[in-house]
Visitor: 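Structure incoming, see below.
Just so it is clear: chains get the letters A, B, ... in the order the sequence lines come, proteins before strands, and each one is counted from 1.
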Amino acid sequence: MKIYNKLLSHFGIQYWWPAETKYEVVIGAIITQNISWKNVEKALNNLKNEDLIDEKRILKINTEKLKELIKPAGFYNIKAERLKNITKYIVDNYKTTDELAKTEKDTNILRNELLNIKGVGKETADSILLYALDRKIFVVDAYTRRIFSRYGIINKDMDYDEIRLIFEDNIIPSLNIYKEYHALIVELGKNYCKKKNPLCNTCPLNLYCRKLFNKFY
DNA sequence: CTCCGGTAAT
DNA sequence: ATTACTGGAG
């Protein structure tokens, strides 16, 4: 929580996830996989121009056309398939993402349903659970691993869920804090705790970060 | 461990 | 010209 507060006062509230509808969160979660958000925005704009932020229309459009529209996001062949897969799951089982969000099902049940979809791994599932379905699940991504292993709190090669539980066991279980914390981690990862040449001198977390005292991190 | 892949920053 | 990017599957 100390780190969260430090990041919050440095970056301010992030208001994540940036999307107008729940289904747009789902689309963004798929096409942002291992891609910078800049590229995702282009793909999302292409879809919006065709009025395709809609479950039924995405299912209806032919896959080749969909590939062209999301091409700026990279990995477009597999992502088009993945987007079809998760959309089919939503429509077949809940009709819409808004209806999916209303289900009474336990979060772990829902998580397993998402993980059974080809193209949805833990981070994508958790992003959807947290930001589209308002479930209290902490999202772990590459930035989280990098920042907190450098800092000295986790081990770089820990299991995904092990890291997730470390966060869930140690921060206030508030939906908004979960949402903002992950957003703040991304912000720090992009702007300071970069893979190469991290800006440790001006980093808001540099006071207790072990990276400054150990060149092997 | 390798592939998927266009885009913007370095 | 090279690298990194809000991963996941085979």
Side-chain angles (χ1 to χ4, degrees), chain A residues 3-4 7-8 11 13-19 22-47 63-89 111-133 135 137-150 154 156-164 167 177-202:
Chain A
I3 293 178
Y4 170 78
L7 293 175
L8 182 59
F11 292 111
I13 305 178
Q14 301 299 304
Y15 302 103
W16 265 34
W17 183 292
K22 295 181 181 304
Y23 183 54
E24 188 181 337
V25 175
V26 172
I27 297 177
I30 294 293
I31 62 184
T32 197
Q33 290 172 350
N34 205 34
I35 288 301
S36 74
W37 188 255
K38 265 283 201 292
N39 297 34
V40 177
E41 285 179 326
K42 291 176 166 247
L44 282 174
N45 281 331
N46 288 343
L47 295 176
T63 306
E64 294 308 311
K65 172 72 173 168
L66 182 57
K67 289 177 181 177
E68 290 305 311
L69 292 170
I70 66 171
K71 185 169 276 189
F75 303 145
Y76 54 91
N77 287 305
I78 45 187
K79 284 178 180 176
E81 298 288 347
R82 291 175 181 183
L83 186 51
K84 288 269 191 178
N85 290 343
I86 191 168
T87 305
K88 182 167 167 42
Y89 155 79
R111 188 173 195 249
N112 284 326
E113 285 186 12
L114 290 169
L115 289 175
N116 279 328
I117 302 166
K118 190 166 296 181
V120 178
K122 289 177 178 175
E123 184 185 336
T124 304
D126 291 345
S127 297
I128 292 169
L129 285 167
L130 179 62
Y131 293 106
L133 309 182
R135 301 295 184 126
I137 285 271
F138 197 86
V139 176
V140 175
D141 68 341
Y143 288 140
T144 311
R145 281 178 192 278
R146 188 164 76 214
I147 292 168
F148 289 86
S149 60
R150 282 175 174 172
I154 67 169
K156 194 166 66 247
D157 37 48
M158 270 179 175
D159 178 70
Y160 179 100
D161 287 309
E162 194 177 353
I163 298 175
R164 178 171 63 83
F167 280 88
I177 290 179
Y178 279 31
K179 289 181 179 181
E180 286 301 312
Y181 205 161
H182 175 62
L184 289 165
I185 286 169
V186 171
E187 209 54 31
L188 186 76
K190 284 199 305 192
N191 299 309
Y192 293 93
C193 202
K194 302 196 283 187
K195 193 166 186 179
K196 264 188 177 177
N197 307 121
L199 308 180
C200 300
N201 293 334
T202 51

Visitor: Once you round it to whole Å, what is the distance between P of dT10(B) and NZ of Lys38(A)?
Guide: 11 Å
Visitor: Measure from NZ or CZ of Lys67(A) to the centre of the six-membered ring of Tyr76(A), then state whether that distance is under 6.0 Å and the direction lies within 45° of the axis.
Guide: no
Visitor: Does Asn197(A) or Ala73(A) map to a spot on DNA chain B nearer the 5' end, using the closest nucleotide for each?
Guide: Ala73(A)
Visitor: Toward the 5' end of DNA chain C, which comes first, Gly121(A) or Arg146(A), by nearest nucleotide?
Guide: Arg146(A)
Visitor: Just the rounded figure in Å: distance from P of dG7(C) to CD1 of Ile117(A).
Guide: 18 Å
Visitor: Atom CG of Asn34(A) and atom P of dT2(B): how far apart are they, to the nearest Å?
Guide: 15 Å
Visitor: May I ask you to decide if the ring planes of His182(A) and Tyr131(A) are parallel, tilted or perpendicular, using 30° and 60° as cut-offs?
Guide: tilted
Visitor: Please report the distance, rounded to the nearest Å, between CG in Asn39(A) and P in dC4(B).
Guide: 18 Å
Visitor: Return the nearest nucleotide to the side chain of Lys118(A); candidates are dA9(C), dG6(B), dA8(B).
Guide: dA9(C)
Visitor: Just call it for Val120(A): base, sugar-phosphate, or nothing, with non-hydrogen atoms closer than 4.0 Å on any strand.
Guide: sugar-phosphate
Visitor: Is it the case that Glu113(A) and Tyr89(A) place a side-chain donor and acceptor less than 3.5 Å from each other?
Guide: yes
Visitor: Can you measure Leu115(A) atom CG to dG7(C) atom C1' for me and round it to whole angstrom units?
Guide: 13 Å
Visitor: What distance, rounded to whole Å, do you find between the two P atoms, one in dA1(C) and one in dC4(B)?
Guide: 23 Å
Visitor: Which of the following nucleotides, dT7(B), dA4(C), dG7(C), is nearest to the side chain of Lys196(A)?
Guide: dA4(C)
Visitor: Looking at dG6(B), I'd like to know if its phosphate oxygens (OP1 or OP2) sit under 4.0 Å from a side-chain N or O belonging to Tyr76(A).
Guide: yes
Visitor: Starting at atom NZ of Lys79(A), determine the distance to atom P of dC4(B), rounded to an integer number of angstrom.
Guide: 14 Å
Visitor: Can you tell me if the side-chain N/O atoms of Thr124(A) get under 4.0 Å from OP1 or OP2 in dG8(C)?
Guide: yes
Visitor: Considering non-hydrogen atoms only, spot the tightest contact between Gly119(A) and Ile30(A) and give its length.
Guide: O-CD1, 4.1 Å
Visitor: Side chain of Lys71(A) only, heavy atoms from C-beta on: which candidate in dT7(B), dG6(B), dT10(B) is closest?
Guide: dG6(B)
Visitor: Counting side-chain heavy atoms from C-beta on, which of dG8(C), dA4(C), dG6(B) comes nearest to Lys195(A)?
Guide: dA4(C)
Visitor: Contact between Glu187(A) and Leu7(A) at the side-chain level, heavy atoms closer than 4.5 Å - yes or no?
Guide: no
Visitor: CG of Leu83(A) versus P of dG8(C): gap in Å, rounded?
Guide: 15 Å
Visitor: Atom CG of Asn77(A) to atom C1' of dG10(C): distance rounded to whole Å?
Guide: 16 Å
